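Data block below; observations after.
We number each residue from 1, following the sequence as shown. None of these values were measured; they are calculated from a predicted model.
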Amino acid sequence: MWAMPLVLSAKVKLPKTVVRAWSFTDIVQLPDSQQVDSSSLNFPMRDVQYDHSILNHTNGSLVSPLQSALYFKRDNKTGFLFGNAYDVYTTTPHDVRFYRTTTPYSNISYKRGFVTYHEEHDLHFDFTGNIGRRTNLGTVLNYLDDAGHYKSQAGKTFNGSVFGSYDGTNYSLYAAFLFNKLSNFENGGLQQPTDLQNRNLQTEDMPVSVIGMSGYRYLSGYLNHRYSITTLTADSVVIPLLTFRHVFETSEGTKRYIEKDTLQTFYANRYMSGTVADTAALLTINNTLSVTFEEAFNRHLRFGITAWVRDEAQRHVNLTPRERWSNNLSVGGAIHKHTGNYIRYQADGEVCVLGRKLGEFNVNGKVGLGFKIGQDSLTFDAKAFVRNETPDYFLQHYYSCHYQWDNDFKRLYRYRVGGELAYPTKWFTPRLNVTYETVHNLIYFAALDGPKQATEAVSVIAADLTANITTPWVNLDNRIVYQYTSSSLVAVPALTLYHNLYYHGSWFRRAMDAQIGVDLSYCTSYYAPYLNAALGQFAVQDLTQIGNYPRMNVYASFYVKLIHLRFFAQYEHFNATFMNRKFYSMPAYPTNPDVFRAGLAFHFYN
């Protein structure tokens, strides 16, 4: 998204409330507007996994190692190889939303899955408020607990942040501390996947391949402060001309794997005796200094220029007695135009000039166009990048109980180009995104094996179509994703569908909104990856296909406007009670059977 002001006003008879929210996601650290979660639609479907992707590879639990089945939703958010599978649950500095409010704002929600001995609990709380006009403080807390339906499948996570900001005329400061703690049991999947077809066999009685546990912790600190040289316009509006900025980020990710019992033939090797207790950790410290000539600085060309230097220090630790420290020094620059009614653009690049990643570079570009057609707007956004990436240290060197390797992988070379066209109207909101990427020297994991490097280039193309239809009573949301890959090393379904048919209307003289409907997700058959529990990595396999199975939910959701209360009831995966039981997320890893869920959420603006 582009940096644009956002104002939301409460529609109740309270003191006027204005809430602005933004985050820092861009390499030049420009604020990116974020919308406050106040929508009453689709509340039953909103959870951490669904919000990430409409189709995911998991062990079936709500707290699980996770990889999206959509290739272009697979991001390395934390930079920690053994934390990638938990990125969706992890809050990083770029996820923090900073606020400015005229009255305190808070949001609390609770969802529960009602199954005896297999309960789910999902609790969210956030609060923010201004101290005066320029200073804001807040906190966000999330707790998710799933007892699991299968043996050794339970998981829970607790994360949150404490943040604050000061927004002065010339000086501004944004700071946050973030913590993430997650644990999940590992089972290696069902020993006999055909057990799922036996309706007389309880899910918790089905034998599994591993009895183990994974633990993950991620701590992070963030400081972003800047000083701007400003000028006054004729109508006394302050305009920044030149900005000096310092950004400090530190993070530490730690992953542990403990194994109590496993099939003797499940893993090929065991290098250490005694209890399996693998550990890996990554500490990263980043300091970035930048100077920006703002767009107002150049009155004729109307674009901004940013230059920066970044220092990165990293410490890698695993079961070997040694620690590995490395430093990398990078320089970069950007040209950008983020204001204007018709066109916005940015081009930036960075190259490492000193350190272990010497010669690594990335070049990015994006452009956004917007035109008024009748009463509606047509928008087009395009993005592209070219990257030369140094393989992760843990892909080169790693030592654990079941796996050990010392590799000399070549650098990855990636280029991607994509565009999105949207023309939302009152009754129809089409949006088409097409993205293409080619990767040279791709590194992948083979099933129950270590990392390998491809000798041929791998290409992926995806077309993602959203087409939502709105009528006064009945609505139909549609999402259709087509993916093609040139190699079996990238496992994706050719076709993924999501449809949501529902009634939406206002009741009791518009005092309450109601949404009642049924949604369906489906994908074609494909060789989905296999989860290697000991490594926490998704590995390529070509023996078992999954898919060609619809998952259906029926729900009713309501929103009471006066008190900002949302509540719902949902019967999830109800078709498991009468359809062929082939609901797998990955080979040997079934998803949960039918579950009744309910929840509620409050918003407070005072």
Do you see a donor-acceptor pair shorter than 3.5 Å between the side chains of [X] and [Y]?
X: T390; Y: E360; value: yes
X: N548; Y: Y522; value: yes
X: S214; Y: E186; value: yes
X: S459; Y: Y436; value: yes
X: Q537; Y: Y444; value: no
X: D406; Y: Y399; value: yes
X: N187; Y: S152; value: no
X: H52; Y: S68; value: no
X: N532; Y: Y403; value: yes
X: R97; Y: S23; value: no
X: D348; Y: N364; value: yes
X: N441; Y: Q453; value: no
X: N286; Y: R310; value: no

* Looking at S220 and Y218, what are the two nearest heavy atoms and their distance? -> CB-CE2, 3.9 Å
* Over all atoms of both residues, closest heavy-atom pair of L144 and Y89 -> CD2-CE2, 4.1 Å
Within the distance-only criterion (no hydrogens, no angle test), does the side chain of [X] pair as donor or acceptor with the backbone N or O of [Y] below 3.5 angstrom?
X: N328; Y: R356; answer: yes
X: N180; Y: T91; answer: yes
X: T284; Y: T250; answer: no
X: S330; Y: E350; answer: no
X: Y86; Y: V63; answer: no
X: Q541; Y: A528; answer: yes
X: Q396; Y: P391; answer: no
X: H573; Y: N592; answer: yes
X: S585; Y: T58; answer: yes
X: Y393; Y: S326; answer: no

When rounded to the nearest 0.5 angstrom, what is the spacing between [atom1] in [X] and [atom2] in [Y]?
X: Q67; Y: L531; atom1: CD; atom2: CG; result: 9.5 Å
X: Y150; Y: T591; atom1: OH; atom2: OG1; result: 6.0 Å
X: S183; Y: K156; atom1: OG; atom2: NZ; result: 5.5 Å
X: D122; Y: T157; atom1: CG; atom2: OG1; result: 10.5 Å
X: Y143; Y: L123; atom1: OH; atom2: CG; result: 9.5 Å

Between [X] and [Y], what is the ring plane arrangement, given parallel below 30°, perpendicular above 60°, and tilted in between?
X: H57; Y: Y526; result: tilted
X: H225; Y: H246; result: perpendicular
X: Y398; Y: F394; result: perpendicular
X: H149; Y: H118; result: parallel
X: F82; Y: F80; result: perpendicular
X: Y222; Y: F24; result: tilted

State, yes or no, whether a side-chain contact exists between [X] and [Y] at a heavy-atom distance under 4.5 Å.
X: Y482; Y: V434; result: no
X: I54; Y: S521; result: no
X: N184; Y: P65; result: yes
X: V317; Y: T279; result: no
X: F385; Y: E437; result: yes
X: D464; Y: L432; result: no
X: L497; Y: L495; result: yes
X: N580; Y: Q197; result: yes

Is the count of non-hydrogen atoms from other residues, nucleotides or ligands lying under 6.0 Å from [X] atom [atom1] greater than 12?
X: E456; atom1: CD; answer: no
X: D408; atom1: CG; answer: no
X: R217; atom1: CZ; answer: no
X: F185; atom1: CZ; answer: no

Strictly below 4.0 Å, N to O, side chains only: are [X] and [Y] in salt-bridge contact?
X: E120; Y: K111; result: no
X: E389; Y: R414; result: yes
X: K383; Y: E420; result: no
X: D205; Y: K151; result: no

* Asked: Step by step, would you call F583 with L196 a side chain to side chain contact (heavy atoms under 4.5 Å, CB included)?
  -> CA-CA 9 Å; F583 41 86; L196 193 63; 3.9 Å; yes
* To do: Would you list the pairs meeting salt bridge (Lys or Arg N to Asp or Glu O under 4.0 Å) in which at least one residue belongs to residues 59-84, sequence neighbours left out?
  => K77-D95
* Asked: Below 6.0 angstrom between ring centroids: does that apply to Y50 and Y498?
  -> yes
* Tell me, with the steps shown, if F179 and F158 meet ring-ring contact (aromatic ring centres under 6.0 Å, His included). => CA-CA 8 Å; F179 62 92; F158 179 53; 5.4 Å; yes
* To do: Name all residues meeting the side-chain contact (heavy atoms from CB on, under 4.5 Å) criterion together with L442; count only those two or more places apart in sequence or in a different chain, and write none if there are none.
  => V439, A454, V458, L489, V490
